[in-house]
Amino acid sequence: MIAFHNTLTSRQEPFAPLRPGEVGLYTCGPTVYDFPHIGNFRAYVFEDLLKRFLRASGFRVLHVMNITDVDDKTIRGAEAKGVPLDEYTAPYIEAFFEGIRALRIVPADHYPRATRFIPEMVEIIQGLLEKGYAYGKDGSVYFRIARFPEYGKLSKIRPEDLQATARVEARLEADEYEKDSPRDFALWKAAKPGEPAWDTAIGRGRPGWHIECSAMSTNLLGPAFDIHCGGVDNIFPHHENEIAQSEAFFGHPFVGTWLHCHHLIVDGEKMSKSKGNQYTLRDLVGGRGLDPAVLRYFLLSTHYRRVLNFTFEAIDQSASALRRLRDFVYELEHRSLPPGRTGEAEPIAAEAQAKFLEGLGDDLNVSAALTALFELVRAGHGLLMDEKLAADDAASLVASVYSMDEVLAVLPPRGEEPLPEDLRGKVEERERARKARDWPLADRLRRELLEAGVVLEDTKDGVRWKIRARTGSG
RNA sequence: GGCGCGGUACCCAAGUGGCUAAGGGAGAGGUCUGCAAAACCUCGAUUCGCCGGUUCGAGUCCGGCCCGCGCCUCCA
């Protein structure tokens with residue numbers, strides 16, 4: 001049983017894709033005008049959890065994520081730097097993919113770029129003009145909200161209820177385009193001097209923001225598809241407008257399930273450049289040496305419809321939880337155990353996996369899933385302690401943990417981490433000191449290794465080492 | 001003003017009518033250890049923002065109130 005909380009209906013409802021066994025997934029991607037921050041990646045990690053869970057549940061997922069490479073911000077940025085649009089956006093696109101790799105996000109099947117889908121957008125705009133949902137004015141084209149009675153069904157906002165804030169007032173006044181209603185939105189913007197523009201059947205200009213997602217999603221996933229994700233801030237107006245355009249054009253429902261993840265805040269406050277609390281992935285991973293797996297665990301471990309508060313204390317807690325998980329696997333893989341199997345592990349592994357998937361099936365309740373995983377860890381340690389585990393039992397526990405990690409993707413890839421030569425020498429030197437019962441020297445060497453991020457553990461099978469995950473908090 | 005999210009132990013965070021209120025982190029005591037580390041055992045909310053109500057029974061439903069936060073035209 002899989003159920004998700006659908007923004008469209010404000011209810012949790014059983015999930016059933018249009019085609020059995022196949023899921024069409026569209027997730028709003030980056031606008032590449034700056035380096036992506038960890039709030040952006042919270043959304044991408046949530047979407048990755050969703051996708052990995054759907055795959056683990058036996059669905060084939062066709063995933064499309066757009067890259068918005070033409071909009072007011074990218075145009076302004078390119079202009080300010082005096083470089084072509086593509087050249088301006090390139091490093092940000094690169095940084096985005098760097099983050100995708102670092103956080104072990106399964107790549108989408110397609111990453112369409114707005115600038116490469118102009119003809120597809122024009123086709124929809126033409127159709128909307130023909131059907132009377134859109135009107136042209138001074139070379140621009142606008143969507144007439146009044147023609148679409150269901151407008152507001154996603155955000156539950158009625159256009160007439162919108163209170164114009166000071167910011168909006170200013171912008172409406174400053175708007176040099178003539179619109180029949182201030183709530184109508186641009187499908188196509190007439191070319192302006194110095195701005196990138198395309199020559200098309202509806203004139204020379206560039207697309208509005210919302211139309212790209214309608215064009216790219218329906219071209220790559222079909223005119224109706226299963227799941228559309230994004231941040232809550234996209235509900236209005238972006239996704240509301242997407243629905244209006246797409247359903248007006250195609251004449252049938254557009255997306256079955258809308259899932260929106262809440263924001264990440266920092267130290268209890270909204271992240272913003274002016275507050276100086278906006279972290280990019282590069283700041284944390286490159287700059288502070290934070291282990292990306294720790295960040296992934298942190299981003300993952302709070303339910304997607306809750307505000308997530310980023311603090312370095314929370315990161316430390318995530319690092320500790322992850323360390324417990326990694327140590328458990330390490331223990332099972334490195335302890336010398338009798339051959340064969342006692343059968344004690346099987347029911348524990350089976351129950352954990354069942355509860356894990358059941359938890360995620362309940363609107364991606366990751367807390368329930370993690371509880372199942374950690375219950376396996378505790379029970380497994382208990383069996384190890386009581387010597388009720390043989391080699392094959394340990395192997396099935398490890399396999400079970402790794403099967404859950406197919407969804408979580410927080411464990412290191414299987415296999416030994418190499419230890420640099422000089423550190424390995426120190427480990428051996430300390431072993432000699434211990435054999436000679438030279439405790440001061442042995443302890444000093446252990447301290448030095450600890451400072452280098454290597455933890456030593458003396459077991460009855462001999463010394464062994466682990467590399468400590470870094471948390472970036474110093 | 002509209003729409004929405006949340007207030008559960010020192011921290012993070014599940015739980016939406018009924019066994020002893022998950023799980024993680026931190027802490028205290030113990031076992032093990034040359035000392036550690038890891039692990040294990042034990043301890044830790046008579047109580048779920050506040051006040052009423054419904055019910056045999058409520059953190060969970062209803063009403064009211066208080067507090068924090070997000071969005072409201074191009075921010076995930």
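Chain letters run A, B, ... following the sequence lines, proteins first, then strands; residues in each count from 1. Keep in mind the model is a prediction, meaning the values are calculated, not measured. What's counted below: heavy atoms across the whole structure, side chains too, no hydrogens, waters or symmetry copies.
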Next on the checklist: Should the side chain of Gln317(A) and the base of C11(B) be counted as holding a donor-acceptor pair, with the cut-off at 3.5 Å?
Outcome noted: yes

Checklist entry - Considering Watson-Crick and G-U wobble pairs with both distances under 3.5 Å, what does C69(B) pair with? => result G4(B)

Checklist entry - Any N or O donor-acceptor pair linking the side chain of Asn40(A) to the base of C75(B) at under 3.5 Å? => result no

Item to check | Pair of N/O donor and acceptor under 3.5 Å linking A36(B) base with Arg446(A) side chain | outcome: yes

Checklist entry - Where do His37(A) and Tyr279(A) land on the ring pair (Phe, Tyr, Trp, His ring centres under 6.0 Å) test, with the steps shown first? => result CA-CA 5 Å; His37(A) 55 68; Tyr279(A) 294 107; over 10 Å; no

Checklist entry - The side chain of Asp458(A) lies closest to which of these nucleotides: C35(B), A39(B), G24(B)? => result C35(B)

Next on the checklist: Considering every strand and a 4.0 Å limit on heavy-atom distances, what is the contact class for Ala314(A): base, sugar-phosphate, or nothing?
Outcome noted: nothing

Checklist entry - Rounded to the Å, how far apart are Glu240(A) CD and G2(B) P? => result 19 Å

Checklist entry - Quick one: Ile235(A) CD1 to C75(B) C1', roughly how many Å, whole number? => result 13 Å

Next on the checklist: Under 4.0 Å between a side-chain nitrogen and a carboxylate oxygen: does that hold for Lys51(A) and Asp48(A)?
Outcome noted: no

Next on the checklist: If you compare every side-chain N and O of Lys73(A) against the phosphate oxygens of C75(B) (OP1, OP2), does one of them come in below 4.0 Å?
Outcome noted: yes

Checklist entry - Between Phe254(A) and Phe225(A), what is the ring plane arrangement, given parallel below 30°, perpendicular above 60°, and tilted in between? => result perpendicular

Next on the checklist: Judged by each residue's nearest nucleotide on RNA chain B, which is more toward the 5′ side, Asp71(A) or Val377(A)?
Outcome noted: Val377(A)

Next on the checklist: Can you tell me which nucleotide in C12(B), A14(B), A39(B) comes closest to the side chain of Asn365(A)?
Outcome noted: A14(B)

Item to check | Spacing of Leu322(A) atom CG relative to A38(B) atom C1', expressed in whole Å | outcome: 15 Å

Next on the checklist: Looking at Lys153(A) and Glu247(A), is any side-chain nitrogen of the basic one under 4.0 Å from a carboxylate oxygen of the acidic one?
Outcome noted: yes

Next on the checklist: Quick check on G70(B): is either OP1 or OP2 less than 4.0 Å from any side-chain nitrogen or oxygen of Arg306(A)?
Outcome noted: no

Item to check | Residue matched to C50(B) through Watson-Crick or wobble contacts both under 3.5 angstrom | outcome: G64(B)

Checklist entry - Tyr330(A) ring centre to Lys466(A) NZ or CZ under 6.0 Å, with the angle to the axis within 45°? => result yes

Next on the checklist: Any N or O donor-acceptor pair under 3.5 Å from the base of A22(B) to the side chain of Thr371(A)?
Outcome noted: yes

Item to check | Listed nucleotide nearest any side-chain atom of Glu375(A), set G24(B), G23(B), A14(B) | outcome: G23(B)

Checklist entry - Less than 3.5 Å between a donor and an acceptor, one on the side chain of Asp443(A) and one on the base of G34(B), is that the case here? => result yes

Checklist entry - Do we count Trp439(A) as stacking onto G34(B) if the rule is ring centres under 5.5 Å and planes under 30°? => result yes

